[in-house]
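Only a predicted model underlies this, so the values are computations on that prediction, with no experimental measurement involved. Naming convention: chains lettered A, B, ... in sequence-line order (proteins, then strands); numbering from 1 in each chain.
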Protein chains: 2
Amino acid sequence: MASTKKDEFTTEEIWLSEIAKALSHPARIKILKILNEMDSCMVGSIVDKLPLAQSTVSQHLKELKRVGLIEGEIDGPKICYCLNNKTLSKAKTALDKLFTKIGCC
Amino acid sequence: MASTKKDEFTTEEIWLSEIAKALSHPARIKILKILNEMDSCMVGSIVDKLPLAQSTVSQHLKELKRVGLIEGEIDGPKICYCLNNKTLSKAKTALDKLFTKIGCC
DNA sequence: ATTGTTTATCGTAAATATACGATAAATATA
DNA sequence: TATATTTATCGTATATTTACGATAAACAAT
C-alpha cells in the first residue's frame, strides 16, 4: 500500500515536497514559462504550445493550481490563467533555504 | 497510457523535472537534511531517523542517487552515503534561474 | 566455516500519475 | 433558440510510485 505516512514529517517538508511534485513534469515547468511569456493566458493558447491533448493540459493546470503556483480567472467561456507570484516567491525562498541549509554553496 | 512524450521538451526542462521529482517526497527531503547534519551517513542511521522500513528507505536513497543528489561509498559491509554538492549546486542554480525567469522577484 | 551485520533487491499490493477521447457545462454568437 | 467555442470532468488504460516483508549478497567477526 502507498500509505505515505506523511504525518511523521514537518509541515514545511510536506509543503516543499508538494511544490516539487508540481514541478516534477516538464510540461508543468513549460506551462509556467509560457504563462510568463504570453500576454494572453487562455488554456487554448497553452495547449497549442504543448504536445499534449487538451484534457491532459487541463490536468496539469489543475495540479499547478492545486499547490497555488497558478490561478485561473473566468473570462466568459474562457479561463485566463496566470502565475501566482506570492506562491512562486514563497517556493523560491523555501527551496533556496533548503539548499543553503544542506550546505550547498 | 503514460507515454510521457518527454522528447518534446528541452533537456533542461526534463532534467529540472527529474530533480524536482527526486525532491517530491518528504522522506527524501529529510534524507538530504539528515545527510548534512550527521557525521556518520550509514543507511542504518538514516533508517533510524525515518518512519519507514529499511527497504523503503533504500528505494528513496536509490532515487536520490539516480539523479545524482547523493553518492554512496562502500565501507565494508556498510555503505556511507553523502551529499553530492556539485549536483546540489547545479540544481539550486537551475531552480533559481527558473524562478527568476518566470518573473519571481 | 559459521554466524551476525548491513544493505540492496525481489515480489507484491495499493495508490497515484499520465495520457487520451468523449462528454458535459458555461458562455458567446448567429 | 440553435450553434459554436472553450474548458473541466468522466471513463479508461497503462505506467510509475510507495510501501512492506522476505531474501540475497557482501563483508566482518568469532
Partners of B:Val43 by side-chain contact (heavy atoms from CB on, under 4.5 Å), sequence neighbours excluded? B:Val47, B:Leu61, B:Tyr81
Please tell me if [X] has a side-chain N or O lying less than 4.0 Å from either OP1 or OP2 of [N].
| X | N | result |
| --- | --- | --- |
| A:Ser58 | D:dT7 | no |
| B:Thr56 | D:dC20 | yes |
| A:Tyr81 | D:dA8 | yes |
| B:His25 | D:dA19 | yes |
| A:Lys21 | D:dT17 | no |

I'd like to know if B:Leu69 and B:Ile14 are part of one continuous hydrophobic network [Ile/Leu/Val/Met/Phe/Trp/Tyr, side-chain heavy atoms within less than 4.5 Å]. yes
Should A:Trp15 and A:Val67 be regarded as members of a common hydrophobic cluster, given that ILVMFWY residues are connected when their side-chain heavy atoms come within less than 4.5 Å of each other, either directly or indirectly? yes
Tell me the closest heavy-atom pair linking B:Pro51 and A:Phe9, and the distance in Å. CD-CZ, 4.0 Å
What is the minimum heavy-atom distance between A:Ile34 and A:Lys49, and which atoms define it? CD1-CB, 3.7 Å
Quick one: [X] [atom1] to [N] [atom2], roughly how many Å, whole number?
| X | N | atom1 | atom2 | result |
| --- | --- | --- | --- | --- |
| A:Leu50 | C:dC20 | CG | C1' | 15 Å |
| A:Ile14 | D:dT18 | CD1 | P | 14 Å |
| B:His60 | C:dA8 | NE2 | P | 13 Å |
| B:Arg66 | C:dA8 | CZ | C1' | 17 Å |

Is a donor on one side and an acceptor on the other found under 3.5 Å between the side chain of A:Asn36 and the backbone of B:Ile102? yes
Between the side chain of B:Ser58 and the main-chain N/O of B:Gln54, is any donor-acceptor distance below 3.5 Å? no
Going by the angle between their ring planes, with limits at 30° and 60°, are B:His60 and B:His25 parallel, tilted or perpendicular? tilted
Among [options], which nucleotide sits nearest the side chain of [X]?
| X | options | value |
| --- | --- | --- |
| A:Leu52 | C:dA8, C:dA19, D:dA19 | C:dA19 |
| B:Met42 | C:dC20, C:dT6, D:dA8 | C:dT6 |
| B:Ile79 | C:dC20, C:dT7, D:dA8 | C:dT7 |
| A:Lys62 | D:dT9, D:dT7, C:dC20 | D:dT9 |
| B:Lys78 | C:dA19, C:dT6, D:dA8 | C:dT6 |

I'd like to know whether B:Thr100 forms a side-chain contact (heavy atoms from CB on, under 4.5 Å) with A:Lys92, so could you lay out the CA-CA distance, the side-chain angles of the two residues, the decisive distance to 0.1 Å, and finally the verdict. CA-CA 9 Å; B:Thr100 301; A:Lys92 185 187 180 186; 3.6 Å; yes
Under 4.0 Å between any heavy atoms, over every strand shown, what does A:Gln59 touch: base, sugar-phosphate, or nothing? Just pick one. base
Treating a pair as Watson-Crick (purine N1 to pyrimidine N3 plus N6-O4 or O6-N4) or G-U wobble (N1-O2 and O6-N3) with both distances under 3.5 Å, list the stems of 3 or more consecutive pairs that involve DNA chain C. C:1-30 with D:1-30
Produce a footprint string for nucleotides 23-30 of chain C: one letter per nucleotide, 5' end first; B if the base is under 4.0 Å from any protein heavy atom, S if only the sugar-phosphate is, - if neither. ----BS--
